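Reading through the structure tokens given below for one structure.
All heavy atoms count here, side chains included; hydrogens, waters and symmetry mates do not. Numbered from 1 within each chain, the chains take letters A, B, ... in sequence-line order. All values derive from a computational prediction rather than experimental measurement.
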Amino acid sequence: MRIEKFLDELSTRALSELTGEASPALLKPTADPRHGDFQVNAAMALAKKLGKKPREIAEPLAERLAQSDAIERAEVAGPGFVNLTLSSAFVARVLDEAAADSTHDGVDRADTTDRIVVDFSSPNIAKQMHVGHLRSTIIGDALRNLLREVGHEVIGVNHIGDWGTQYGLLLSGMREFGDATALEDSAIEELERIYKQASARAKEDEAFAERARAELAKLQSGDAENLALWEKFVSTTRAELDRVYDRMGIRFESWRGESAYNDALPGVVATLQEKGLARPDDGAVGVFWPELDGVPARLKAQKEPFLVQKRDGAFLYATTDIAAALYRSAEVGAQRVYYVVDARQAGHFEQLIAIARLLGVQMAMEHVSFGTVLDEAGKPLKTRDGKAVTLASLLDEAESRALARIREGVSEGRLDIPEDAQAGVARAVGIGAVKYADLRQNRSSDYQFDWDKMLSFQGNAGPYLQYAYARIASIFDKGGLSLEDQRGPVSLVAVEEVRLGKVLARFSDVVHQAGQAALPHLLTDHLYELARAFSAFYEACPVLKAEGAERASRLALAALTARQLSRGLGLLGIAVVRRM
RNA sequence: GCGCCCGUAGCUCAGUUGGAUAGAGCAGCGGCCUUCUAAGCCGCGGGUCGGUGGUUCGAUUCCACCCGGGCGCGCCA
């Protein structure tokens, strides 16, 4: 169950019965355990409205809430806080229920469910994925998983950049100085080489530039030969992208990219013009915000148009995104779409969403933005000049550092992992560390990329949580027991048990909140707190050496901790290992 | 010029629609391996929450202005 939701509803109901006011209880977890587990802050807010002192509202509310068997103590403190301490018996019941729930470990279904598109990762064909793709890929995967976990029907879409003006250069370049063997062997490397050479050539050789434009025009008009070569570019690149996604354990429900909307683009522009939403200007066609009604104030004041067609007749990023939004709403039948894209594109999405509204799209659209990846000096990581940090090289480094750590443990006799299993553990730990380092930050902030910090494997980092899991797995291995067997009942006695139990009981609330707010770091924070609470419990409360009911309870606590760590990390795209 | 984001401990970051004495990790210092994995546990030190006003019972949080950093603004995506 969701205890925060339950207590909020309980408090709001009690408040309305006592005061006749239908106002929210303003329940939240306390920042300081000395103030109990949750606090109700409504009394201060209501005092003025009701012409009473805050304590006159808080006192009877506390009395009423104290009658619930979920609540051990309800105390009025300070100006009128009502501090609630959960009863250990209630928490234990919640945990028994979660332990018995083998399919969800206590995570509730959402009250209503939607069909949701999560648009993430979206690399370009013919280019390596680099750290700039890291955040969209990792955050998008986590968001998709979180929404699905509570029961939504979620479609993760890789809206790949597989169409556009660069294909003229690539087609001409391939024909004139491409290497077909290299294209088979390492497609992206060869395509990047060709593109670089072709774009340099086009700048100084007008005849070549002209040939490239002609090849592009042929491609766009459906020329079979060029289409076949383009498909070759896409399929060979796709094979390389798949290798990276496989390593990261990421899948998409759909690979519908920009090219899929190509045929719809003229219609989009025509419709916009028919509806009076766009008009030609200087040969191009755009949406001119000051001329439209029903647009947000900020856009109303924006002089720059949202261009949907260039002077030369070609379509733009905006046109494709409008076509995709229409498709997802009308054809896919999505009620919501999330665009997991760099914050620098906020202006684009603000306009995209506004124009979709004007076109009558009902689907909720949200730009899940995230900060820029910066280098160690705090400067945006450049990909064009100098050497780009590719995603593949980042993953290589992560895995090799993890492997070194594992071998060290094995050679010192601390770890017992067979040679042939070490690479698998290194992958889970190394890539888990990379993902965790990204996800644990509030996505809105810029992201400072730091190898050593990301792969230090200490403190608040992915391996810490995986390590907690491995310790639990080890307990069950030693005891010849299974994590899936239901133990218990849970009984919370030692302070470490009570603390661990209360963290475990909040899991469902956190999964819902992280998904609803599209903030995966709410879950990383919680799982870190869970691992910390477990580690303290582990030091203080022997499990296998305990006897009878105490042993059964501790086994249940340990098992539920492991299951929630595994499920929670799984939602973040991070694997657990039984030994590390 | 217009607009958006950011500024919290030496460093990297949390801080949930405004709530009590602002929290973590790293780095530093001191303890803990004959007891289920020391990638761990326990403890200590460290802050004008960029600045000034304002709103409020209450401001790191909301508003205004200023300082500092970053980003976006017609034919790239």
Side-chain angles (χ1 to χ4, degrees), chain A residues 24 26 28-32 34-35 39 41 44-45 47-48 54 77-81 83 122 124 161 164-166 258 281-286 288 298-299 301-312 314-318 320-321 341-348 350 369 371-372 374 378-380 402 405-406 408-409 414-416 429 437 440-442 444-446 448 450 452-453 456-464 466-468 470-479 513 517 519 521-522 524-525 528-529 532 535-536 538-546 554 558 579-580:
Chain A
L26 302 177
K28 53 189 62 181
T30 55
D32 185 332
R34 281 172 298 188
H35 300 136
Q39 55 181 274
N41 295 335
M44 281 85 75
K48 184 178 284 181
F81 300 106
N83 292 336
S122 309
N124 289 318
T165 52
Q166 73 271 28
E258 292 173 353
D281 184 73
D282 195 20
V285 180
F288 291 81
R298 192 157 65 228
L299 284 179
Q302 177 174 310
K303 287 185 309 194
E304 295 78 13
F306 194 43
L307 277 195
V308 292
Q309 188 167 20
K310 303 200 287 185
R311 203 176 332 180
D312 67 6
F315 303 103
L316 292 134
Y317 177 39
T320 308
D321 271 1
V341 182
D342 190 299
R344 285 176 290 197
Q345 293 188 38
H348 168 77
E350 182 186 22
S369 71
T372 309
L374 306 175
K379 295 276 201 294
R405 188 63 181 267
I406 290 160
E408 191 183 298
R414 287 185 281 108
L415 260 180
D416 178 22
V429 172
R440 88 185 184 90
Q441 267 189 85
N442 188 327
S444 69
S445 353
D446 283 348
Q448 187 155 20
D450 183 333
D452 290 330
K453 187 186 149 206
S456 72
F457 303 160
Q458 274 183 0
N460 188 352
Y464 178 82
Q466 292 168 317
Y467 182 66
R471 287 170 128 187
I472 300 170
S474 178
I475 292 173
F476 282 76
D477 285 345
K478 281 224 159 71
Q513 287 160 7
L519 293 174
H521 83 284
L522 297 179
T524 61
D525 268 9
Y528 177 62
E529 197 183 338
R532 293 215 320 164
S535 296
Y538 181 86
E539 299 283 330
C541 305
V543 176
L544 293 176
K545 287 196 172 158
R554 288 179 177 178
R579 287 186 203 171
M580 64 179 279

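The side chain of Y317(A) contributes no N or O atom lying less than 4.0 Å from OP1 or OP2 of A77(B). An OP1 or OP2 oxygen of C13(B) is reached within less than 4.0 angstrom by no side-chain nitrogen or oxygen of H521(A). Between K28(A) and G19(B) there is a side-chain N or O to OP1 or OP2 distance below 4.0 Å. Residue R440(A) has no polar side-chain atom (N or O) positioned under 4.0 Å from OP1 or OP2 of U12(B). Listed pair T165(A) / C75(B) fails the phosphate criterion, with no side-chain N or O lying under 4.0 Å from OP1 or OP2. Within the structure, a side-chain polar atom (N or O) of R298(A) is placed less than 4.0 Å from OP1 or OP2 of C4(B). One finds no side-chain N or O of K303(A) lying less than 4.0 angstrom from the OP1 or OP2 phosphate oxygen of C2(B). Listed pair N442(A) / G15(B) meets the phosphate criterion, a side-chain N or O lying under 4.0 Å from OP1 or OP2. Listed pair R414(A) / A39(B) meets the phosphate criterion, a side-chain N or O lying under 4.0 Å from OP1 or OP2.
A search for side chain to side chain contact (heavy atoms under 4.5 Å, CB included) contacts involving H35(A) returns T30(A), D32(A), N83(A), not counting sequence neighbours. Partners of F457(A) according to the ring-ring contact (aromatic ring centres under 6.0 Å, His included) rule, which considers only residues two or more places apart in sequence or in another chain, do not exist here. Applying the side chain to side chain contact (heavy atoms under 4.5 Å, CB included) rule to E408(A) yields the partners R405(A), E412(A), R414(A); only residues at least two apart in sequence or on another chain are considered.
Nucleotides U16(B) and G7(B) are separated by 12 Å at their P atoms, to the nearest Å. Taking the P atom of each, G58(B) and G18(B) are spaced 15 Å apart, rounded to whole Å. Of the P atoms belonging to A59(B) and G3(B), the separation is 29 Å, rounded to the nearest Å. Annotation: C4(B) and C63(B) have their P atoms spaced 11 Å apart (nearest Å). Between U52(B) and G74(B), the distance separating the two P atoms is 38 Å to the nearest Å. Rounded to whole Å, the separation between the P atoms of U21(B) and G43(B) comes to 23 Å. Straight-line distance between the C1' atoms of U48(B) and U8(B): roughly 12 Å, to the nearest whole Å. Only the C1' atoms considered, G45(B) is 48 Å distant from C2(B), to the nearest whole Å.
Annotation: of the two residues near RNA chain B, F81(A) and A318(A), the 5′-most nearest-nucleotide partner is F81(A). Nearest-nucleotide assignment on RNA chain B puts the 5′-proximal partner with R34(A), out of R34(A) and F315(A).
Within the nucleic acid shown, D342(A) has no heavy atom closer than 4.0 Å to any nucleic acid atom. A77(A) comes within contact range of at least one nucleobase, with a heavy-atom separation under 4.0 Å. Residue-level contact check: A470(A) touches the bases, meaning some heavy atom is under 4.0 Å from a base atom. Contact annotation for L316(A): backbone-only contact, meaning every heavy-atom pair under 4.0 Å involves sugar-phosphate atoms and none involves a base. Counting non-hydrogen atoms under 4.0 angstrom, A346(A) reaches nothing in the nucleic acid. Note on R579(A): a base of the nucleic acid sits closer than 4.0 angstrom, heavy atoms only. L519(A) comes within contact range of no nucleotide atom at all, as no heavy-atom separation falls under 4.0 Å. E258(A) comes within 4.0 angstrom of the backbone, heavy atoms only, and of no base. Here Q345(A) lies in heavy-atom contact (under 4.0 Å) with a base.
Looking at R554(A), its side chain does come within 3.5 Å of a backbone N or O of P542(A) through a donor-acceptor pair. The backbone N or O of T372(A) lies less than 3.5 Å from no partner atom in the side chain of R344(A), so there is not a single donor-acceptor pair.
Of all nucleotides listed (A38(B), A77(B), A24(B)), A38(B) comes nearest to the side chain of R471(A). Between C75(B), A20(B), C26(B), one nucleotide has an atom nearer to the side chain of Q458(A) than all others, and that is C26(B). Checking A20(B), A77(B), A39(B) against every side-chain atom of N124(A), the shortest atom distance belongs to A77(B). Here the side chain of S445(A) is nearest to one of G70(B), A39(B), A14(B), namely A14(B). Taking the side chain of K48(A) as heavy atoms from C-beta on, and the options U56(B), C42(B), A24(B), the nearest nucleotide is U56(B). For Y538(A), counting side-chain heavy atoms from C-beta on, the closest listed nucleotide (C71(B), C36(B), A20(B)) is C36(B). For R344(A), counting side-chain heavy atoms from C-beta on, the closest listed nucleotide (C71(B), C75(B), C41(B)) is C71(B). Minimum atom distance to the side chain of P305(A) is reached by G74(B), of the listed A20(B), A38(B), G74(B).
Taking each heavy atom of P54(A) and P79(A) in turn, the nearest pair found is CB-O, 3.2 Å. Closest approach of G371(A) and D446(A) over heavy atoms only: CA-OD1, 3.4 Å.
Using the six-membered ring where Trp is involved, F306(A) and H348(A) have ring planes that are tilted, between 30° and 60° apart.
Shown here, C71(B) is classed anti by the O4'-C1'-N9-C4 or O4'-C1'-N1-C2 angle, which is more than 90° from 0.
Atom-to-atom, NE2 of H35(A) to C1' of A20(B) comes out at 5 Å; the value is rounded to the nearest Å. Distance, H348(A) NE2 to G3(B) C1': 17 Å, rounded to whole Å. To the nearest angstrom, C1' of G3(B) lies 16 Å from CZ of F306(A). The interatomic distance linking Q441(A) (CD) with U12(B) (P) rounds to 11 Å, in whole Å. Rounded to a whole Å, the CD atom of E529(A) is 13 Å from the C1' atom of U16(B). Here the P atom of nucleotide G74(B) and the CG atom of D281(A) are 13 Å apart, to the nearest Å. Atom pair E304(A):CD and G74(B):P shows a separation of 6 Å (rounding to whole Å applied).
Below the 3.5 angstrom threshold, one finds a donor paired with an acceptor across the side chain of D282(A) and the base of C75(B). Contact annotation: side chain of N41(A) to base of A20(B), donor-acceptor pair absent below 3.5 Å.
Aromatic stacking of Y464(A) on G40(B): not satisfied for centres closer than 5.5 Å together with planes under 30 degrees.
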Original post:
Quick one: what's the B/S/- string for nucleotides 29-35 of chain B, heavy-atom cutoff under 4.0 Å, read 5' to 3'?
Top reply: ------S

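Within residues 472-479 of chain A, the residues that place at least one heavy atom under 4.0 Å from RNA chain B are, in residue-number order, S474(A), I475(A), K478(A).
The distance from the NZ atom of K478(A) to the CG atom of L544(A) is 8.5 Å, given to the nearest 0.5 Å.
Considering only heavy atoms from C-beta on, Y467(A) stays 4.5 Å or farther from S535(A) through its side chain.
For the strand RNA chain B, secondary-structure stems (runs of at least three Watson-Crick or G-U pairs, all distances below 3.5 Å) span B:1-7 with B:67-73, B:10-13 with B:23-26, B:28-32 with B:40-44, B:50-54 with B:62-66.
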